[in-house]
Amino acid sequence: MLKVKNLSKKYEKVLAVNKASFEVNAGEIGVLLGPNGAGKSTTIKSIAGLLRFEGKIEIAGKENKSIEAKKAFGYIPETPALYESLTVWEHLEFVARAYGLKDWEDQANALLTRFDMDDKKKKVGKELSKGMQQKVSICCGLITDPKMIMFDEPMIGLDPKAIKELKEIFVELKNRGCAVLISTHIIDSIDEVWDKVLIMNKGEIVYNRTRDEMTASGESLEKIFFSVTEPEKEEESA
Amino acid sequence: MSSVFYLLRKSLKNLIKGAAKKPLVLIGYIFILVFIVFIIVASFMPSGMVRNGNPQLFKSIMILVFTVLYYTSLKLGIDKGSTFFRMSDVNLLFTAPIKPNHVLLYGFIKQIGGTFFMMFLAMCQIPNLRNNFKMEAHGVGVILLAVVAYTLAYPLLGMVIYSWSSKEKSRKKLLKRIFDIGAVVVALLFLLSVVQTRDFVSAMDRVFNHPVARYFPVIGWTGSIGAAAVGPLTTEFYVGAIGMLLLILGSAITLYRANLDFYEDVLEGVEFVEAAYKAKREGRNMTFNLKVKENVKQGLKGEGARAIFSKNLLELRKTSLFLFLDRMSLITIIASLVFRFVMPDEIGEMGLFVVLCFSVYLLMLFQIQGRLVNEMEKPYIFLIPASPFQKLFYVTLSEHLKNLADGCVLFISAGILFKGDVATVLACIFSYTSFGAVFVYNDVLNRRLFGWVHSKNMLVFIKIIASLLLLVPGIVAGVFVYAMTELQLLLILTMGGWSFILALTFFMFSAGILNNLESAG
């Protein structure tokens, strides 16, 4: 569903992402891990069509910046930013219009209820706390019923109930055949849901395995993470 | 496109509904509306005032103003890409299945809405201009047309420039160099004219009212539109108007057709805009774009509250141009000296007093959001184990030293240029520093007293009014002393002395603000 081939992104002299290649299939939850500054957000923003890059990115078989590809994916950014003067409901209506959705109201109501936002429908963006803005941002990403969805540090600012709901949503999305890519640096937050792990360090994908492949190796995700991101320290402690 | 128009329609509707719900905001909007109507009506009414301002000077001022505006906004555009988008547009609109050129059109429509604010600012200057220059019936219209042309042109040009310069660092360097060389050439030409003519106004006319300047693309075109306010609609006006129309359309079409991948170009600019909005909401000055020097080798000294002073000094060293001098210092110093130059010769020996008044006015505007606001955003100031008096003293000490240093540079220069005596120069430095202290502690005290006022703009308004009212007794006393003695020195010392006492009193009452976060407002 998502194919990234030789993705490179350079900011002036800094090579933020260097020839990253990976795939996330339909019905698969991929998790993009890495320390701060590893290139995760740049990768996600490149996939979302916000940056120019070298290489090839395809979503549902289409070039990622095409209108067809944009219809197929959802994106929940790291920092939620809503229209200050639009209500929660109007945000959802705007997204529904932008994506040409029909009969979206029931789905919108269900999502808002799920995130305890049904009583905030008439609140405008600037009246919401950061956590509530994040919930609206997630609802906007989910309402389009995407074939592929990307979450950039989605747990930040959410309350425990919303985190629980979101984890269930990851699994539901997977079960209905959606490809899910979650970028995070908090390993524990996604430990029970992922199918494929991609670890980035210094702009490169340094580890790319499915859960089965990793389980067979007998090592924990945390141990692998440190061994590939801080090999020198691992050697010293060994 | 329907979703884009939905967004615009709803945003506008909710903005109006939101204003209606908040009486203070509504009153503000009504006030602005009444003001605009008043200005328009007044501009057509006959006036008994004698307006003898030279129309050529008006034309020079117009071109000078747009030279500064374009230079600053487009130079920023090289680095950040001037933008009319917000982060919500990036997250929701850029990623939606909408053609980028439709997104660009949406941004452009938003920017047209934004021109209203610039038009309001321009209107505020119209009464002043009408008092000094003989304006034609079409005067107000052409000034507003020039403002609209500028407000539409600079973000489009900024984006065109950024999309070209962002591809290679060498291009950015080249463009910056061209801008800076241009600025230096203009400054040198002006200085040369001042030396040759020995008259500030004539020098302005020679440089900024030169045919090359009047027909100079973009800057000259925009200036020539506004300059038509004091004369007939000449060829210059039509060339300017048609030139700007073609430029705006050309830039928009270039971006609309050619650069369909502009999202990255606006991304950094959006971050800058968001930081500016955040600063505005929090009632502090925008410091996002300050260049921080990396090679400053100054350690931290002192313990307890003194450590804050030491840290502030280090911050000043890292962000200033030289010692305490920063961009604001330069603006204050240059603008105050220029102000004295353009004042009529009749003010005679009161020259230093005029410089003091104008520089204090600028100081008030610049210090209305003091350094302390940035300090109180962080918890450290509240946690440091020292008394609130000590903390307030040390946290503001660097501000006083900066004002003292700025005052020294300004008034020693003014003393040399306008032949002031040493005692008056010293009195001016003392008064300038004391006024600065009043503004610093007035800011703190107002936060303590009116911290509950939700609107940061309203808080700024309260602070300005409070500063002005509290300074009145000193001004009255100063004028009284001057009437008795006719000594400029005593006038300045009286005003400075009152400010000094006022600053001390404010200090005593405002230290409690550092007790805890809640008292900080």
Side-chain angles (χ1 to χ4, degrees), chain A residues 9-13 42 44-53 62 64-87 89-101 122-127 133 136-137 140-141 144 146 149-150 152, chain B residues 1-19 21 79 85-103 106 110 113 163 165-173 259-268 270-271 273-274 277-278 281:
Chain A
K9 173 66 195 170
K10 202 172 182 181
Y11 293 109
E12 292 177 357
K13 283 182 183 170
T42 301
I44 293 270
K45 279 182 186 160
S46 299
I47 298 170
L50 296 173
L51 300 177
R52 284 188 282 265
F53 56 86
K62 307 283 180 191
N64 73 320
K65 289 187 181 179
S66 66
I67 298 290
E68 294 81 9
K70 288 191 171 193
K71 278 188 177 172
F73 79 79
Y75 165 60
I76 288 91
E78 184 179 2
T79 311
L82 301 183
Y83 291 103
E84 289 183 354
S85 55
L86 245 57
T87 64
W89 187 257
E90 284 163 352
H91 273 89
L92 292 167
E93 185 172 353
F94 161 66
V95 174
R97 282 171 181 261
Y99 284 75
L101 306 180
K122 289 185 179 172
K123 291 265 180 205
V124 291
K126 65 180 174 187
E127 292 173 341
Q133 288 191 27
V136 177
S137 188
C140 287
T144 62
I149 189 162
M150 291 176 291
D152 196 356
Chain B
M1 274 305 273
S2 77
S3 55
V4 167
F5 285 118
Y6 172 84
L7 194 58
L8 288 166
R9 204 175 62 238
K10 283 285 173 185
S11 298
L12 183 65
K13 193 179 151 195
N14 290 354
L15 190 76
I16 296 166
K17 273 165 73 179
K21 278 182 197 165
D79 274 331
F85 293 106
R86 298 287 305 272
M87 197 52 91
S88 43
D89 297 318
V90 172
N91 289 346
L92 293 166
L93 204 61
F94 288 14
T95 55
I98 299 170
K99 285 182 184 170
N101 38 25
H102 289 172
V103 173
Y106 154 82
K110 261 183 29 165
S163 56
S165 67
S166 62
K167 291 186 176 70
E168 278 174 42
K169 209 173 181 180
S170 59
R171 290 182 181 182
K172 276 190 182 185
K173 265 189 184 170
N259 187 6
L260 294 175
D261 197 7
F262 64 89
Y263 290 168
E264 180 174 337
D265 300 336
V266 299
L267 212 55
E268 200 180 349
V270 169
E271 281 160 12
V273 168
E274 290 300 325
Y277 272 101
K278 190 168 179 275
R281 271 199 304 271

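What's counted below: heavy atoms across the whole structure, side chains too, no hydrogens, waters or symmetry copies. Naming convention: chains lettered A, B, ... in sequence-line order (proteins, then strands); numbering from 1 in each chain. Because the structure is predicted, anything quoted here is derived from the model rather than measured.
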B:Tyr6 vs A:Phe94 aromatic rings, parallel, tilted or perpendicular, using cut-offs 30° and 60°?
->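 Ring orientation, 0 to 90° scale: parallel.
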Using distance alone, with no hydrogens and no angle criterion, decide if B:Tyr106 and B:Asp89 have a side-chain donor and acceptor under 3.5 Å apart.
-> yes
Considering only heavy atoms, which portion of A:Thr79 lies under 4.5 Å from any heavy atom of chain B: side chain, backbone, both, or neither?
-> backbone
Using non-hydrogen atoms and a 4.5 Å limit, figure out which bit of A:Glu68 sits close to chain B: side chain, backbone, both or neither.
->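 Neither part.
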Select, from B:Leu12, B:Leu93, B:Val4, the one with the greatest count of heavy-atom pairs under 4.5 Å involving chain A.
-> B:Leu93
Counting heavy-atom pairs under 4.5 Å to chain B, which of A:Arg97, A:Lys10, A:Lys71 comes out on top?
-> A:Arg97
Carefully, step by step, assess B:Asn91 and A:Ser137 under the rule side-chain contact (heavy atoms from CB on, under 4.5 Å).
-> CA-CA 9 Å; B:Asn91 289 346; A:Ser137 188; 5.8 Å; no
Within the distance-only criterion (no hydrogens, no angle test), does the side chain of A:Lys9 pair as donor or acceptor with the backbone N or O of A:Arg52 below 3.5 angstrom?
-> yes
